[in-house]
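In this text, all values refer to a predicted model and were calculated from it rather than measured experimentally.
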Amino acid sequence: MTERAVYHRLRELRERFTPPPGFTYPEISGGMFVMTTIPCRRHEVTVADVRDQLVPQLPDGVGAFEATVTGDEVLGKLRVPDLVVTTGDATVPLLAVEVVSPSNPRTDYEDKSRDYPAMGIPHYLIVDPRDGTWMYHWQVGRRRGSPEYENRLRRPYGNTVTIAGGWKVATGGLPLYPRTDVTLAPE
(Lines give C-alpha, C1' and ligand atoms only; values in the text may rest on other atoms or scores of the structure.)
Protein backbone atom coordinates (compact mmCIF):
# COMPACT_ATOMS: atom_id res chain seq x y z
CA MET A 1 0.00 0.00 0.00
CA THR A 2 1.42 3.43 -0.95
CA GLU A 3 1.89 6.25 1.57
CA ARG A 4 -0.92 8.16 -0.12
CA ALA A 5 -3.23 5.14 0.14
CA VAL A 6 -2.36 4.73 3.84
CA TYR A 7 -3.12 8.42 4.40
CA HIS A 8 -6.50 8.13 2.65
CA ARG A 9 -7.35 5.02 4.67
CA LEU A 10 -6.45 6.77 7.92
CA ARG A 11 -8.56 9.80 6.90
CA GLU A 12 -11.52 7.46 6.30
CA LEU A 13 -11.01 5.77 9.66
CA ARG A 14 -10.68 9.14 11.39
CA GLU A 15 -14.09 10.21 10.06
CA ARG A 16 -15.72 7.22 11.81
CA PHE A 17 -13.49 7.29 14.88
CA THR A 18 -14.72 8.27 18.32
CA PRO A 19 -11.85 9.28 20.60
CA PRO A 20 -11.69 7.68 24.05
CA PRO A 21 -12.69 9.96 26.95
CA GLY A 22 -10.05 12.59 27.61
CA PHE A 23 -8.52 12.48 24.09
CA THR A 24 -8.89 14.62 20.96
CA TYR A 25 -9.47 13.43 17.41
CA PRO A 26 -6.18 12.09 16.08
CA GLU A 27 -3.76 13.77 13.75
CA ILE A 28 -1.99 11.72 11.06
CA SER A 29 1.77 11.57 10.71
CA GLY A 30 4.20 8.88 9.65
CA GLY A 31 1.38 6.55 8.55
CA MET A 32 -0.09 6.50 12.08
CA PHE A 33 -2.66 8.21 14.23
CA VAL A 34 -1.19 10.68 16.70
CA MET A 35 -3.44 11.11 19.73
CA THR A 36 -3.26 13.79 22.39
CA THR A 37 -5.15 14.43 25.58
CA ILE A 38 -7.75 17.17 25.74
CA PRO A 39 -6.01 20.46 26.51
CA CYS A 40 -6.11 21.92 30.01
CA ARG A 41 -7.91 25.18 30.81
CA ARG A 42 -4.74 27.33 30.76
CA HIS A 43 -3.91 25.95 27.33
CA GLU A 44 -7.37 26.95 26.09
CA VAL A 45 -7.15 30.39 27.75
CA THR A 46 -3.84 30.98 25.95
CA VAL A 47 -5.31 29.98 22.58
CA ALA A 48 -8.34 32.25 23.12
CA ASP A 49 -6.14 35.17 24.22
CA VAL A 50 -3.89 34.89 21.14
CA ARG A 51 -6.95 34.59 18.87
CA ASP A 52 -8.62 37.60 20.51
CA GLN A 53 -5.47 39.68 19.97
CA LEU A 54 -5.12 38.68 16.31
CA VAL A 55 -8.74 39.02 15.12
CA PRO A 56 -9.00 42.84 15.25
CA GLN A 57 -5.73 43.16 13.29
CA LEU A 58 -6.69 40.88 10.40
CA PRO A 59 -7.83 42.32 7.06
CA ASP A 60 -11.27 41.58 5.64
CA GLY A 61 -11.55 38.02 4.39
CA VAL A 62 -8.94 36.69 6.83
CA GLY A 63 -9.93 34.97 10.07
CA ALA A 64 -8.45 33.16 13.07
CA PHE A 65 -9.90 29.71 13.74
CA GLU A 66 -9.29 27.19 16.50
CA ALA A 67 -8.60 23.48 15.96
CA THR A 68 -8.92 23.53 12.16
CA VAL A 69 -7.89 20.40 10.27
CA THR A 70 -4.90 21.11 8.03
CA GLY A 71 -3.86 18.27 5.76
CA ASP A 72 -1.43 17.50 3.00
CA GLU A 73 -2.23 14.40 1.01
CA VAL A 74 1.15 14.25 -0.72
CA LEU A 75 3.02 14.36 2.60
CA GLY A 76 0.52 12.07 4.32
CA LYS A 77 0.10 14.59 7.16
CA LEU A 78 -3.00 15.80 8.92
CA ARG A 79 -2.45 18.29 11.70
CA VAL A 80 -4.87 20.26 13.84
CA PRO A 81 -3.11 23.45 14.96
CA ASP A 82 -4.47 25.11 18.08
CA LEU A 83 -5.09 28.21 15.97
CA VAL A 84 -4.76 29.09 12.28
CA VAL A 85 -4.99 32.39 10.47
CA THR A 86 -6.34 31.89 6.96
CA THR A 87 -8.69 33.09 4.27
CA GLY A 88 -11.89 31.20 3.60
CA ASP A 89 -10.66 29.76 0.32
CA ALA A 90 -7.01 29.09 1.15
CA THR A 91 -5.88 25.49 1.34
CA VAL A 92 -2.79 26.44 3.38
CA PRO A 93 -3.00 28.67 6.46
CA LEU A 94 -1.00 31.90 6.61
CA LEU A 95 -0.08 31.19 10.24
CA ALA A 96 -0.25 28.16 12.54
CA VAL A 97 -0.13 28.67 16.31
CA GLU A 98 0.57 25.89 18.78
CA VAL A 99 0.39 26.15 22.56
CA VAL A 100 2.80 23.61 24.03
CA SER A 101 1.18 20.95 26.20
CA PRO A 102 2.58 20.38 29.68
CA SER A 103 3.75 16.86 28.91
CA ASN A 104 4.71 16.57 25.22
CA PRO A 105 6.67 19.57 23.89
CA ARG A 106 8.53 17.59 21.23
CA THR A 107 5.45 17.43 19.02
CA ASP A 108 5.34 21.22 18.66
CA TYR A 109 9.08 21.94 18.71
CA GLU A 110 10.24 19.09 16.47
CA ASP A 111 7.47 17.29 14.57
CA LYS A 112 5.31 20.29 13.69
CA SER A 113 8.36 22.51 13.11
CA ARG A 114 9.25 20.00 10.39
CA ASP A 115 5.70 19.37 9.10
CA TYR A 116 4.41 22.94 8.83
CA PRO A 117 7.08 24.27 6.46
CA ALA A 118 6.74 21.09 4.37
CA MET A 119 3.00 21.83 4.20
CA GLY A 120 3.80 25.35 2.96
CA ILE A 121 2.65 27.22 6.08
CA PRO A 122 4.76 30.40 5.94
CA HIS A 123 4.53 31.41 9.62
CA TYR A 124 4.52 29.29 12.78
CA LEU A 125 4.24 30.55 16.36
CA ILE A 126 4.87 28.30 19.36
CA VAL A 127 3.65 29.64 22.71
CA ASP A 128 5.08 27.76 25.69
CA PRO A 129 3.30 28.17 29.05
CA ARG A 130 5.71 25.66 30.61
CA ASP A 131 8.52 28.21 30.82
CA GLY A 132 6.88 31.44 29.63
CA THR A 133 8.54 31.71 26.21
CA TRP A 134 7.46 31.95 22.61
CA MET A 135 9.21 30.95 19.39
CA TYR A 136 8.31 32.42 16.02
CA HIS A 137 9.35 30.66 12.76
CA TRP A 138 9.07 32.20 9.30
CA GLN A 139 10.31 32.13 5.70
CA VAL A 140 10.19 28.61 4.34
CA GLY A 141 13.33 27.63 2.48
CA ARG A 142 15.20 24.44 1.65
CA ARG A 143 18.17 23.36 3.68
CA ARG A 144 19.49 19.86 3.96
CA GLY A 145 17.12 18.88 1.12
CA SER A 146 13.85 19.52 2.98
CA PRO A 147 11.62 22.54 3.50
CA GLU A 148 12.32 24.25 6.79
CA TYR A 149 11.95 27.64 8.38
CA GLU A 150 14.98 29.80 7.71
CA ASN A 151 14.28 32.20 10.57
CA ARG A 152 13.51 31.61 14.24
CA LEU A 153 13.14 34.02 17.11
CA ARG A 154 12.68 32.92 20.73
CA ARG A 155 11.85 35.34 23.53
CA PRO A 156 10.36 35.23 27.04
CA TYR A 157 6.79 36.27 27.81
CA GLY A 158 6.57 40.01 28.20
CA ASN A 159 7.97 40.57 24.72
CA THR A 160 5.54 41.27 21.90
CA VAL A 161 5.90 39.08 18.83
CA THR A 162 5.27 40.70 15.44
CA ILE A 163 4.07 38.23 12.83
CA ALA A 164 3.69 38.32 9.05
CA GLY A 165 2.05 41.57 7.94
CA GLY A 166 2.63 43.35 11.23
CA TRP A 167 0.19 41.40 13.40
CA LYS A 168 1.21 41.72 17.05
CA VAL A 169 0.69 39.35 19.96
CA ALA A 170 1.47 40.66 23.45
CA THR A 171 2.62 37.79 25.65
CA GLY A 172 2.98 39.48 29.04
CA GLY A 173 -0.45 38.45 30.31
CA LEU A 174 -0.49 34.87 29.05
CA PRO A 175 -0.90 32.25 31.80
CA LEU A 176 1.78 29.79 32.85
CA TYR A 177 1.23 26.16 33.72
CA PRO A 178 1.60 25.26 37.40
CA ARG A 179 5.06 23.76 38.01
CA THR A 180 3.44 20.52 39.20
CA ASP A 181 1.92 19.99 35.73
CA VAL A 182 5.10 20.56 33.72
CA THR A 183 7.53 18.06 32.29
CA LEU A 184 10.52 20.04 31.04
CA ALA A 185 12.02 17.83 28.37
CA PRO A 186 14.97 18.90 26.27
CA GLU A 187 13.98 20.46 22.96
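- In the displayed structure, Glu150 atom CD is contacted under 6.0 Å by more than 12 heavy atoms of other residues, nucleotides or ligands.
- The heavy-atom pair separating Gly166 from Gln57 by the smallest distance is O-OE1, 3.9 Å.
- For the residue pair His137 and Glu148, no side-chain donor N or O sits within less than 3.5 Å of a side-chain acceptor on the partner.
- Note that CG of Leu95 is 7.0 Å distant from CG of Leu83, once rounded to the nearest 0.5 Å.
- Between the OG1 atom of Thr46 and the CG atom of Leu174 there is a distance of 5.5 Å, given to the nearest 0.5 Å.
- Under a 4.0 Å N-O distance rule, the pair Arg79/Glu98 does not qualify as a salt bridge.
- Proximity of Pro81 to Thr70: side-chain heavy atoms (C-beta onward) are separated by under 4.5 Å at one or more points.
- Between the side chain of Thr162 and the main chain of Lys168, no donor-acceptor pair closer than 3.5 Å is present.
- Judged purely by atom type and a 3.5 angstrom limit, Thr171 uses its side chain to pair as donor or acceptor with the backbone of Gly158.
- Partner of Phe33 under the ring pair (Phe, Tyr, Trp, His ring centres under 6.0 Å) criterion, chosen from Tyr25, Tyr7, Phe17: Phe17.
- The CD atom of Glu73 sits 11.0 Å away from the CD1 atom of Ile28 when rounded to the nearest 0.5 Å.
- Judged by distance alone, with hydrogens and angles left aside, the side-chain atoms of Asn159 form a donor-acceptor pair with the main-chain N or O of Pro156 at under 3.5 Å.
- In this structure, Leu75 is a member of the same hydrophobic cluster as Val92, with clusters built from ILVMFWY side-chain heavy atoms closer than 4.5 Å.
- Considering Tyr116, Trp134, Tyr109 as possible partners of Tyr124, the one that fulfils the ring pair (Phe, Tyr, Trp, His ring centres under 6.0 Å) test is Tyr116.
- Under the 4.5 Å side-chain heavy-atom criterion for Ile, Leu, Val, Met, Phe, Trp and Tyr, Val127 and Val161 are members of the same hydrophobic cluster.
- Taken to the nearest 0.5 Å, the CD1 atom of Ile163 stands 8.5 Å off from the NE2 atom of His123.
- Around the CZ atom of Arg41, the shell of radius 6.0 Å holds no more than 12 heavy atoms that belong to other residues, nucleotides or ligands.
- Met35 and Pro20 make their closest contact through CE-CD, 3.8 Å (heavy atoms, listed as atom of the first residue, atom of the second, distance).
- The shortest heavy-atom contact between Thr86 and Ala90 is OG1-CB, 3.5 Å.
- The two residues Ala118 and Asp72 have their closest heavy-atom pair at O-OD2, 4.4 Å.
- Taken from CZ in Arg154 to CG in Asp131, the straight-line distance is 5.5 Å, to the nearest 0.5 Å.
- Nearest heavy-atom pair across Pro26 and Leu78 is O-CD2, 4.0 Å.
- Each of Lys112, Lys77, Arg11, Arg14 was checked for a salt bridge (Lys or Arg N to Asp or Glu O under 4.0 Å) with Glu27, and the lone residue meeting it is Lys112.
- Cluster annotation: Val84 and Val100 are assigned to distinct hydrophobic clusters (Ile/Leu/Val/Met/Phe/Trp/Tyr, side-chain heavy-atom contacts under 4.5 Å, transitive).
- Aromatic pair Trp138/Tyr136: ring centres closer than 6.0 Å.
- Under the 4.5 Å side-chain heavy-atom criterion for ILVMFWY residues, no single connected hydrophobic cluster contains both Leu54 and Val45.
- Remark: Glu12 engages Arg9 in a salt bridge, criterion side-chain N to carboxylate O under 4.0 Å.
- A donor-acceptor pair under 3.5 Å links the side-chain atoms of Arg42 to the main chain of Leu176, judged by distance alone.
- Inter-residue side-chain proximity for Val47 and Val97 is flagged as unmet; no heavy-atom pair is nearer than 4.5 Å.
- Residues Ser101 and Arg130 approach most closely at O-CD, 3.5 Å, considering heavy atoms.
- Contact annotation: the side chain of Asp111 never approaches that of Ser29 to less than 4.5 Å [non-hydrogen atoms, C-beta and beyond].
- Taking CG of Asp82 as the reference point, atom CD1 of Ile126 lies at 11.0 Å (rounded to 0.5 Å).
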